[in-house]
Student: 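Provided herewith is a single structure, encoded as structure tokens, for subsequent inquiry.
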Amino acid sequence: MDTAKNRRQQTMKSHRCGELNLAHCGCMVELAGWVQRRRDHGGLIFVDLRDRFGVVQVVFNPEIDKAAFLAAEKLRNEFVVAVKGQVIKRLPGMENPNLATGEIEVAAHSLEVLSESKPLPFQLDRAEDVDESLRLRYRYLDLRRPEMQRNLILRHRTCQAVRNYFNEHDFLEIETPMLTRSTPEGARDYLVPSRLHPGAFYALPQSPQLFKQLLMVSGLERYYQIVRCFRDEDLRADRQPEFTQIDVEMSFTDREEIIHIIEGMIRRVFRETIGLEVQPPFPRLTYREAMDKYGSDKPDLRFGLPIVDISSVVANSGFKVFSQAIAKGGVVRGLNVKGGGSLPRREIDLLANVVTEAGAAGLAWGIVEAGGELRSSIAKFLSAEEVAGILNAMAAEPGDLLCWVAAPLAVAATALGRLRLYLGEKLNLIDRNSWQFVWIVDWPLLEWNPEERRYEALHHPFTSPHPDDVELLVTDPGKARAQAYDLVLNGIELGGGSIRIHRREVQEKMFKALGMSNEEAYARFGFLLDAFDYGPPPHGGIAFGLDRLVMLLAGRDSIRDCIAFPKTQSAMDLLTQAPAQVAASQLRELHIRTVAEAPVQK
RNA sequence: GGAGCCGUGGUGUAGUCGGUUUAACACGCAGCCCUGUCAAGGCUGAGAUCGCGGGUUCGAGUCCCGUCGGUUCCGCCA
């Protein structure tokens, strides 16, 4: 049995609040923590004492110790106290089944107030409802809540599982610079002015991409890092200006090995954090399949509602909206909302907004009636064969709501993809207890940017084309597939990576496809190209969003809940009030003059 | 850059459509009572000129314009 004598947890504690149970009965214990709540009955005072490890009820009884009792009368919420007392079994009927320590309580023999607290700006037990800006301003108080501590603990355990896993597989954790060089492409950089080099700037890394490739050139072969990355772009619930990646790179490898290694990591993380056994190998979809069937490159597979193409059925239809869209090279696709025929008309009308916001001209729809006929405003334009063909293609049954979009391929896919998500949410089709992993493979290598009238790398310029598609880089760049892969979980992109280009002639073709001369490429990435002149091994890797992974493990909707000190949507830190103005002397030293109207502090 | 939602004592909300009363309720807070509570209970009390600025009006928490902050989404971003 544990006693204060043979085990002392922390200098000021013999035990942790949350660990006490019937086995400790009779022990004299020394506890320390925060007053979660005080219940003063006049002649008897109960205090729920909280530390990181749990809560225990302490009873102050004047018959046991008068001084402790009198001191307890002055306690307020969130005072920090040290208590000595005896663990006793609660009287029959007085147990609290809602408390892990609810079978016992601690009869206080002494009480010392270690520090006092003003009333909190918000009640910790109601913080879920409190305006988030207040929680962020007093983040250190918000983080006292067990729910928040649970998220941070989950994050810690995730990191430990990741490190243990990679360490056991001969990976080396290597740090890369935070002050580095701005490279074009990708996101906006956070810049850091140089004092020693007037007018020059470092950039904070968007990711350690180039460094980890250099480490492969160096022959480290297996690298990982849990690393902070910075992107100065607009924020979302799952995007912060600084975020953490699990970054991985391997030499002498291929896509299959990387996927296999990562599936092992995921399995390890889920097992050691939430005790869930996920079952690799995870299913795979090509990018094309994902876009065609789910209208998204990160499909949520927790529900069905697939997109169905009916172009061939209506290509020659008398309904010009359909036939002309196809004549112009577009498609007609739809969703079969099972049983959706009973939706109120108002709800159905709202669906049109979803697709028009995605660029579609409108939404056509119809309801399958009991007899199997189609009730729709467009039915009169369709032949009997066409109706039969549509019903057959969409596996329609009486009571179903059928929705169609006629548009260019990309627009139709995105519009129906969003409609699918909207309906999945609205009709409660999503199984909240399910974990649907999927690898998206065979990404396009390049993407046409109509404004700049050139191709851009979908992933980044060092992504290797599919071995069969190298020549396409020259003949038809838009058709080339990349050796890239993303892992998606429940409709959220967890991570992505690729096999990299390690041969000079392929890299040059890539730059050419991107409309970049060798001189330009050298000016931008010279250090990497130089390195690749000295025996670069074939290599590839992947990077994961740690914040998103922990968010999903914690069952939260925002990564802010899994970051100790996050920023707001406008990238403010409400706790420190960063970013802030700096002294004019600091700017002078950095050779910086600001054109902003806001005054600079003297 | 754009769209939606939110901003009323310390906290969460009601009041906003239909303009005018001592701005209501719950939690918290303070004092008193209370020896078995655990969202303790009872009594008493303090505390908000309604994010900020301007406008309309006899009169604005309420209507209009602007602005600030938060949030969700689109654009943007691996």
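Chain identifiers are assigned alphabetically (A, B, ...) following the order of the sequence lines, protein sequences preceding nucleic acid strands; residue numbering begins at 1 within each chain.
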Student: Any base atoms under 4.0 Å from A:L458, or only sugar-phosphate, or nothing? Heavy atoms, all strands.
Tutor: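 Base: the residue A:L458, judged by heavy atoms under 4.0 Å, touches a nucleobase.
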
Student: For A:R39 and A:G42, find the nucleotide of RNA chain B closest to each by heavy atoms; which residue's nucleotide sits nearer the 5' end?
Tutor: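 Residue closer to the 5' terminus by nearest nucleotide: A:G42.
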
Student: Using atom P of each nucleotide, how far apart are B:G28 and B:G41 to the nearest Å?
Tutor: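 It works out to 7 Å between them.
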
Student: Between B:C25 and B:A14, how many Å separate the two C1' atoms, rounded to a whole number?
Tutor: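 B:C25 and B:A14 have their C1' atoms separated by 7 Å.
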
Student: Should B:A24 form a Watson-Crick or G-U wobble pair with both distances under 3.5 Å, which nucleotide is its partner?
Tutor: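 Paired with B:A24, as far as the under-3.5 Å criterion goes, is B:U13.
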
Student: Starting from C1' on B:U71, measure out to NZ on A:K567 and report it in whole angstrom.
Tutor: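 Atom NZ in A:K567 sits about 18 Å away from atom C1' in B:U71.
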
Student: Examine B:U72: is either OP1 or OP2 under 4.0 Å from a nitrogen or oxygen in the side chain of A:R560? Give yes or no.
Tutor: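 For B:U72, OP1 or OP2 has a side-chain N or O of A:R560 closer than 4.0 Å.
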
Student: Considering every strand and a 4.0 Å limit on heavy-atom distances, what is the contact class for A:E95: base, sugar-phosphate, or nothing?
Tutor: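 Base, at least one base atom sits under 4.0 Å.
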
Student: When the P atoms of B:U49 and B:A78 are compared, how many Å lie between them, rounded to an integer?
Tutor: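 Approximately 47 Å lies between the P atom of B:A78 and that of B:U49.
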
Student: Quick one: does A:S115's side chain get under 4.5 Å of A:F79's, heavy atoms only?
Tutor: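 The answer is no; the side chains never approach within 4.5 Å.
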
Student: Work out how far the P atom of B:A60 is from that of B:U13, and round it to whole angstrom.
Tutor: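 Pairwise P distance, B:A60 against B:U13, rounds to 27 Å.
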
Student: Do A:E257 and A:I262 have side chains that approach each other closer than 4.5 Å (heavy atoms only, starting at C-beta)?
Tutor: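 No - every pair of side-chain heavy atoms lies 4.5 Å or more apart.
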
Student: Step through the shown structure and confirm whether more than 12 heavy atoms of other residues, nucleotides or ligands are within 6.0 Å of CZ on A:R139.
Tutor: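 Yes, because the 6.0 Å sphere around CZ of A:R139 holds more than 12 heavy atoms from other groups.
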
Student: Of all the nucleotides listed (B:A78, B:U37, B:U71), which has the minimum atom distance to the side chain of A:Q245?
Tutor: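 Selected nucleotide: B:A78.
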
Student: Just name whichever nucleotide pairs with B:G7, Watson-Crick or G-U, keeping both distances under 3.5 Å, else none.
Tutor: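 Paired with B:C68.
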
Student: Could you check whether A:R420 makes a cation-pi contact with A:F303, meaning its NZ or CZ is under 6.0 Å from the centre of the six-membered ring and within 45° of the ring axis?
Tutor: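 Satisfied, under 6.0 Å and within 45°.
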
Student: Considering every strand and a 4.0 Å limit on heavy-atom distances, what is the contact class for A:R231: base, sugar-phosphate, or nothing?
Tutor: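 Sugar-phosphate, no base atom in range.
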
Student: Flag as yes if A:F122 stacks onto the base of B:U11 (centroids under 5.5 Å, planes under 30°), otherwise no.
Tutor: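 No, A:F122 does not stack on the base of B:U11.
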
Student: Take atom P in B:U71 and the same atom in B:A26, then report the distance between them in whole Å.
Tutor: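 Approximately 31 Å lies between the P atom of B:U71 and that of B:A26.
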
Student: A:R548 CZ to B:A78 P: how many Å, rounded?
Tutor: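 Atom CZ in A:R548 sits about 11 Å away from atom P in B:A78.
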
Student: Whole angstroms only, please: what is the CZ-C1' distance between A:R135 and B:G12?
Tutor: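 Going from CZ in A:R135 over to C1' in B:G12 covers 14 Å.
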
Student: Please work out if A:H460 contacts a base, only the sugar-phosphate, or nothing of the nucleic acid, heavy-atom cut-off 4.0 Å.
Tutor: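 It contacts nothing in the nucleic acid.
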
Student: How close or far is atom P of B:C77 from atom CG of A:D297, stated in whole angstroms?
Tutor: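 So the CG-P distance, A:D297 to B:C77, works out to 13 Å.
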
Student: Base, sugar-phosphate, or nothing: which does A:Q209 touch, judged by heavy atoms less than 4.0 Å apart?
Tutor: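 Result for A:Q209 = nothing.
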
Student: Quick one: label A:S570 by what it contacts on the DNA or RNA (base, sugar-phosphate, nothing), any heavy atom closer than 4.0 Å.
Tutor: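 Answer is sugar-phosphate: A:S570 comes under 4.0 Å of backbone atoms only.
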
Student: Salt-bridged, A:D442 to A:R255, with N to O below 4.0 Å?
Tutor: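 Yes, this pair counts.
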
Student: Mind checking if A:L134 touches a base, just sugar-phosphate, or nothing, with heavy atoms under 4.0 Å?
Tutor: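 Sugar-phosphate contact only.
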
Student: Less than 4.0 angstrom between a side-chain N/O of A:R236 and OP1 or OP2 of B:G75, yes or no?
Tutor: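 Result: no.
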
Student: Send over the distance from A:D125 CG to B:A26 C1', rounded to a whole Å.
Tutor: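 Roughly 13 Å, once rounded to whole Å.
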
Student: Let's test your reading of the model: under 3.5 Å, does the base of B:C38 pair with the side chain of A:R90 as donor and acceptor?
Tutor: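 Present.
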
Student: If the P atom of B:C29 is compared with that of B:U11, how far apart are they to the nearest Å?
Tutor: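 Their P atoms lie roughly 14 Å apart.
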
Student: On a plain distance test, is the side chain of A:D131 in donor-acceptor contact with the base of B:G7 below 3.5 Å?
Tutor: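 Side chain to base: no pair below 3.5 Å.
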
Student: Now, which nucleotide makes the Watson-Crick or G-U wobble pair with B:C29, with each of the two distances under 3.5 Å?
Tutor: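 Base-paired to B:G45.
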
Student: For B:G70, take OP1 and OP2 only and decide whether either is under 4.0 Å from a side-chain N or O of A:T568.
Tutor: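 The answer is yes; a side-chain N or O of A:T568 sits under 4.0 Å from OP1 or OP2.
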
Student: A:R126 side chain: which of B:U35, B:U37, B:U11 is closest?
Tutor: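 Among the listed nucleotides, the one closest to the side chain of A:R126 is B:U11.
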
Student: Does A:G186 reach a base, just sugar-phosphate, or nothing at all? Heavy atoms under 4.0 Å.
Tutor: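 Sugar-phosphate only.
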
Student: Rounded to whole angstrom units, what separation is found between the CD atom of A:Q569 and the P atom of B:G2?
Tutor: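 For the pair A:Q569 CD and B:G2 P, the rounded distance is 14 Å.
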
Student: A:R418 has a side chain; which of B:G75, B:A78, B:G36 sits nearest to it?
Tutor: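 Nucleotide nearest to A:R418's side chain: B:G75.
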
Student: May I ask you to say what A:D234 touches in the nucleic acid, namely base, sugar-phosphate or nothing, with a heavy-atom cut-off under 4.0 Å?
Tutor: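 Base contact.
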
Student: Quote, to the nearest angstrom, the P distance that separates B:A40 from B:C27.
Tutor: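 Looking at atom P only, B:A40 and B:C27 are 11 Å apart.
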
Student: Can you tell which of B:C77, B:C38, B:G70 lies closest to the side chain of A:A187?
Tutor: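 Of the candidates, B:C77 comes closest.
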
Student: Determine the Euclidean distance between corresponding C1' atoms of B:C52 and B:C17; express it in Å to zero decimal places.
Tutor: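 25 Å, rounded to whole Å.
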
Student: Assess the side chains of A:R39 and A:Q57: does a donor N or O sit below 3.5 Å from an acceptor N or O?
Tutor: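 Present: a donor and an acceptor within the cut-off.
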
Student: Using a cutoff of under 3.5 Å, can you pull out all pairs of nitrogen or oxygen atoms linking the protein to nucleotides 28-33 of chain B, with atom names and distances?
Tutor:
from  : atom 1 : to     : atom 2 : distance (Å)
B:G28 : O4'    : A:Q123 : OE1    : 3.1
B:A30 : OP1    : A:R76  : NE     : 2.9
B:G31 : OP2    : A:R76  : NH2    : 3.2

Student: Tell me yes or no: between the side chains of A:S498 and A:Q483, is some donor less than 3.5 Å from an acceptor?
Tutor: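 No, A:Q483 and A:S498 have no side-chain donor paired with an acceptor closer than 3.5 Å.
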
Student: Expressed in angstrom and rounded to an integer, what is the separation of A:Q240 atom CD from B:A78 atom C1'?
Tutor: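 My rounded result for the distance is 16 Å.
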
Student: May I ask you to check whether A:F230 and A:F243 place their ring centres under 6.0 Å from each other?
Tutor: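 Between A:F230 and A:F243, which both carry aromatic rings, the centre distance is not below 6.0 Å.
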
Student: Could you go through the ring-ring contact (aromatic ring centres under 6.0 Å, His included) check for A:F60 and A:F46 one step at a time?
Tutor: CA-CA 6 Å; A:F60 292 90; A:F46 298 97; 9.6 Å; no

Student: Any stacking of A:H41 on B:A40, going by centres under 5.5 angstrom and planes within less than 30 degrees?
Tutor: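 Stacking is present between B:A40 and A:H41, given that their ring centres fall under 5.5 Å apart and the planes under 30°.
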
Student: Answer with base, sugar-phosphate or nothing: what part of the nucleic acid does A:Q206 contact at a heavy-atom distance below 4.0 Å?
Tutor: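 Contact class for A:Q206: sugar-phosphate only.
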
Student: So A:E493, base contact, sugar-phosphate only, or nothing? Heavy-atom distance under 4.0 Å.
Tutor: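 The residue A:E493 makes base contact.
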
Student: Centre-to-centre under 6.0 Å for A:H539 and A:H502, is that the case here?
Tutor: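 No, ring centres 6.0 Å or more apart.
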
Student: So for A:E105 and B:G36, does any side-chain atom that can act as donor or acceptor lie under 3.5 Å from a complementary atom in the base?
Tutor: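 Side chain to base: pair present.
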
Student: If you assign each of A:F243 and A:S558 to its closest nucleotide in RNA chain B, which residue comes earlier from the 5' end?
Tutor: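 Looking at the nearest nucleotide for each, A:S558 comes out on the 5' side.
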
Student: Quick one: label A:R38 by what it contacts on the DNA or RNA (base, sugar-phosphate, nothing), any heavy atom closer than 4.0 Å.
Tutor: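 Nothing: the residue A:R38, judged by heavy atoms under 4.0 Å, touches no strand.
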
Student: What is the separation between atom CZ on A:R239 and atom P on B:U71, rounded to the nearest whole Å?
Tutor: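 Going from CZ in A:R239 over to P in B:U71 covers 14 Å.
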
Student: Salt-bridge test for A:D486 and A:K298: reply yes if a basic N is under 4.0 Å from a carboxylate O, no otherwise.
Tutor: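 Between A:K298 and A:D486 there is no salt bridge, as every charged N stays at least 4.0 Å from the carboxylate O atoms.
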
Student: Do you know which of A:Q36, A:R144, A:K118 makes side-chain hydrogen bond (donor to acceptor under 3.5 Å, both in side chains) with A:E78?
Tutor: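 Going through the options one by one, the only one that passes is A:R144.
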
